[in-house]
Q: 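My structure is below; once you've seen it, I'll send some questions.
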Amino acid sequence: MRLATWNINSIRSRADRVLAFLERSGTDVLALQETKCKDEQFPRAGFEAAGYEVATFGLSQWNGVAIVSRVGLADVEQGFAGQPTFAAPTLEPVVEARAIGATCGGVRVWSLYVPHGRAVEDPHFAYKLEWLAQLKAQAEGWLTGDPAAQIALVGDWNVAPKDTDVWDLAAFAGLTHITPAERAAFAAFAAAGYTEVTREHVPEDRKYTYWDYQQLRFPRNEGMRIDFAYASPALAARTTGVEIDRNERKGKGASDHVPVILDLAD
DNA sequence: ATGACTCATTACATGAGA
């Protein structure tokens with residue numbers, strides 16, 4: 001089975017690209033982030049015509065996550081238990097559309113769009129840390145008592161765990177994504193028993209998953225590695241390979257992130 | 001070339017992204 005994750009930066013702008021990717025890569029289950037549309041606006045028809053089921057969680061033009069699968073899609077959950085809320089200025093707190101779970105081909109898949117944080121002194125940053133802490137608390141519970149659990153926590157984590165996961169550490173001084181607090185929140189999933197399988201299979205430096213649209217970041221390979229896949233022990237044992245599909249950043253109309261693809265043994 | 005931001009909005013400028 002092939003399981004992929006991709007921050008698509010608007011599904012309505014790139015549905016054709018995603019359909020072509022599914023066909024070319026032979027991906028069975030795709031977790032999407034930043035779909036940037038409400039559920040009723042999601043372009044489902046093309047996916048269903050291609051033989052995929054679709055589960056979405058979108059509330060507005062911000063955030064939005066989805067899972068598409070051709071190996072079954074059951075027990076959909078929009079958001080996770082205990083997911084922190086966020087209050088935009090002048091608005092009531094809401095559970096944002098940043099997490100959706102579904103069981104696909106025997107794997108409990110979570111498509112995750114971790115809050116950005118914006119700036120270390122911004123309320124969004126504390127929200128980010130709490131969001132990760134609460135997700136970790138839930139994810140720890142999903143593992144207990146079931147050594148055979150097949151769980152994949154995949155998506156845009158908005159954390160660069162290693163100094164070499166950004167193109168120039170000095171350029172990030174004082175900014176989010178590289179702080180010890182964020183890295184500790186990310187590492188807590190490993191302490192809880194999950195394995196970050198993309199690092200295991202692609203350990204080399206400068207294997208980025210995101211390049212800013214500005215300042216020729218992609219042709220210069222000045223990117224960030226922030227899209228990851230934490231796997232439960234049984235799922236990690238099944239993971240035979242990982243590919244970061246760098247070619248998807250090329251050309252007109254690319255997302256600023258590329259797909260990360262996991263190969264799972266039957 | 002892999003190329004000089006992009007997306008969505010009761011839009012025409014603003015907020016968000018990282």
Side-chain angles (χ1 to χ4, degrees), chain A residues 5-18 20-21 32-43 56-66 86-91 94 96-98 112-129 131-132 155-179 181-183 185-186 206-228 243-260:
Chain A
T5 182
W6 195 2
N7 178 318
I8 197 60
N9 185 21
S10 171
I11 188 61
R12 286 178 289 175
S13 292
R14 274 178 262 289
D16 290 348
R17 229 183 215 267
V18 176
F21 164 76
L32 292 163
Q33 300 88 39
E34 276 209 91
T35 52
K36 288 187 166 178
C37 65
K38 298 176 185 178
D39 291 335
E40 61 268 28
Q41 297 173 310
F42 194 100
T56 64
F57 183 25
L59 299 171
S60 69
Q61 74 270 40
W62 306 121
N63 316 307
V65 285
F86 185 72
T90 77
L91 297 178
V94 293
E96 295 185 309
R98 294 181 177 275
L112 304 168
Y113 179 43
V114 175
H116 174 283
R118 298 180 184 163
V120 292
E121 68 277 7
D122 193 293
H124 210 259
F125 186 79
Y127 167 56
K128 177 183 193 173
L129 296 179
W131 201 95
L132 284 166
D156 176 359
W157 291 76
N158 267 321
V159 177
K162 294 175 62 182
D163 289 353
T164 50
D165 291 335
V166 294
W167 58 275
D168 178 8
L169 191 61
F172 285 82
L175 302 182
T176 60
H177 292 62
I178 51 99
T179 67
E182 289 164 280
R183 288 174 171 178
F186 183 84
R206 292 176 69 79
K207 295 291 189 185
Y208 303 126
T209 63
Y210 161 90
W211 298 259
D212 198 294
Y213 286 122
Q214 304 185 58
Q215 297 182 264
L216 293 171
R217 291 295 185 224
F218 181 57
R220 291 175 171 155
N221 196 29
E222 296 174 344
M224 303 173 73
R225 185 168 180 172
I226 53 178
D227 298 271
F228 298 103
E243 178 191 349
I244 298 172
D245 192 356
R246 196 174 183 284
N247 283 334
E248 275 296 343
R249 185 62 179 78
K250 297 178 182 179
K252 186 173 166 60
S255 171
D256 42 5
H257 294 251
V258 293
V260 179

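The chains referred to below are lettered A, B, ... by the order of the sequence lines, with proteins before strands, and numbering in each begins at 1. The basis for the numbers below is simple: all heavy atoms, side chains too, and nothing from hydrogens, waters or symmetry mates.
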Q: Quantified in whole Å, what is the C1' atom distance between nucleotide dA18(B) and nucleotide dC5(B)?
A: 12 Å
Q: State which of dG3(B), dC5(B), dA8(B) makes the closest approach to the side chain of S13(A).
A: dA8(B)
Q: For G117(A), report the nucleic acid contact type (base, sugar-phosphate, nothing); a contact means any heavy atom under 4.0 Å.
A: nothing
Q: Taking only side-chain nitrogens and oxygens of H257(A), does any of them come within less than 4.0 Å of OP1 or OP2 of dA18(B)?
A: yes
Q: Could you check how far CZ of R118(A) sits from P of dG17(B), rounded to whole Å?
A: 4 Å
Q: Which base, if any, makes a Watson-Crick or G-U wobble pair with dT2(B), both distances under 3.5 Å?
A: none
Q: Is it true that D163(A) and R183(A) make a salt bridge, defined as a side-chain N closer than 4.0 Å to a carboxylate O?
A: yes
Q: Does a side-chain N or O from S255(A) land closer than 4.0 Å to OP1 or OP2 of dT6(B), or not?
A: no
Q: Which nucleotide in the set dT2(B), dA4(B), dA18(B) lies at the smallest distance from any side-chain heavy atom of F218(A)?
A: dT2(B)
Q: Using a 4.0 Å heavy-atom cut-off across all strands, classify H116(A) as base, sugar-phosphate, or nothing.
A: base
Q: Please pick, from dA18(B), dA8(B), dC5(B), the nucleotide with the shortest atom-to-atom distance to any side-chain atom of I226(A).
A: dA18(B)
Q: Would you kindly give the OH-to-P distance between Y213(A) and dT2(B), to the nearest whole Å?
A: 17 Å
Q: What do the steps show when you test Q33(A) against T5(A) for side chain to side chain donor-acceptor pair (under 3.5 Å), and what is the final call?
A: CA-CA 8 Å; Q33(A) 300 88 39; T5(A) 182; 3.0 Å; yes
Q: If the C1' atom of dA8(B) is compared with that of dA4(B), how far apart are they to the nearest Å?
A: 23 Å
Q: When the P atoms of dG17(B) and dG3(B) are considered, how many whole Å apart are they?
A: 25 Å
Q: Given dA18(B), is OP1 or OP2 found less than 4.0 Å from the side-chain N or O atoms of N158(A)?
A: yes
Q: Looking only at side-chain atoms of Q61(A), point me to the closest of dT9(B), dT2(B), dG3(B).
A: dT9(B)
Q: Heavy atoms, side chains only, cut-off 4.5 Å: are Y113(A) and E34(A) in contact?
A: yes
Q: Is S10(A) near enough to dT6(B) that one of its side-chain N or O atoms lies under 4.0 angstrom from OP1 or OP2?
A: no
Q: What integer distance in Å separates N7(A):CG from dA16(B):C1'?
A: 12 Å
Q: Using whole Å, report how far CE of M224(A) lies from C1' of dG17(B).
A: 11 Å
Q: Taking the nucleotide of DNA chain B with the nearest heavy atom to each, does N9(A) or W62(A) sit closer to the 5' end?
A: N9(A)
Q: Rounding to a whole Å, what distance do you find between W211(A):CH2 and dA4(B):P?
A: 16 Å
Q: Please examine the side chains of N221(A) and W211(A), heavy atoms only from C-beta on, and report whether any two atoms are closer than 4.5 Å.
A: yes
Q: With rounding to whole Å, what would you report as the distance between dT6(B) and dA11(B) at their C1' atoms?
A: 15 Å
Q: Under 4.0 Å, counting only non-hydrogen atoms across every strand here, what does D122(A) touch: a base, just sugar-phosphate, or nothing?
A: nothing
Q: Can you check whether I8(A)'s main-chain N or O pairs, donor with acceptor, with R17(A)'s side chain at less than 3.5 Å?
A: no
Q: Just compare dA18(B), dG17(B), dC5(B) and give me whichever is closest to any side-chain atom of Q215(A).
A: dC5(B)
Q: Within the structure, does a side-chain N or O atom of R12(A) lie under 4.0 Å from either OP1 or OP2 of dT9(B)?
A: yes
Q: Find the distance L59(A):CG to dT9(B):P and express it as a whole number of Å.
A: 13 Å
Q: Using heavy atoms to find the nearest nucleotide of DNA chain B for R220(A) and K38(A) separately, return the residue whose nucleotide is more 5′.
A: R220(A)
Q: Could you tell me the separation between the CD atom of E222(A) and the C1' atom of dA4(B), rounded to a whole number of Å?
A: 12 Å
Q: Can you label the angle between the H257(A) ring and the Y210(A) ring as parallel, tilted or perpendicular, going by 30° and 60°?
A: tilted
Q: State the CZ-CG distance between F86(A) and N63(A), to the nearest 0.5 angstrom.
A: 10.0 Å
Q: Between R14(A) and dC7(B), does any side-chain N or O lie under 4.0 Å from OP1 or OP2?
A: yes
Q: Does a side-chain N or O of Y113(A) approach OP1 or OP2 of dA18(B) to a distance below 4.0 Å, or not?
A: yes
Q: Atom NZ of K250(A) to atom C1' of dA4(B): distance rounded to whole Å?
A: 18 Å
Q: Could you work out the separation of dA1(B) and dC7(B) based on their C1' atoms and round it to a whole Å?
A: 26 Å
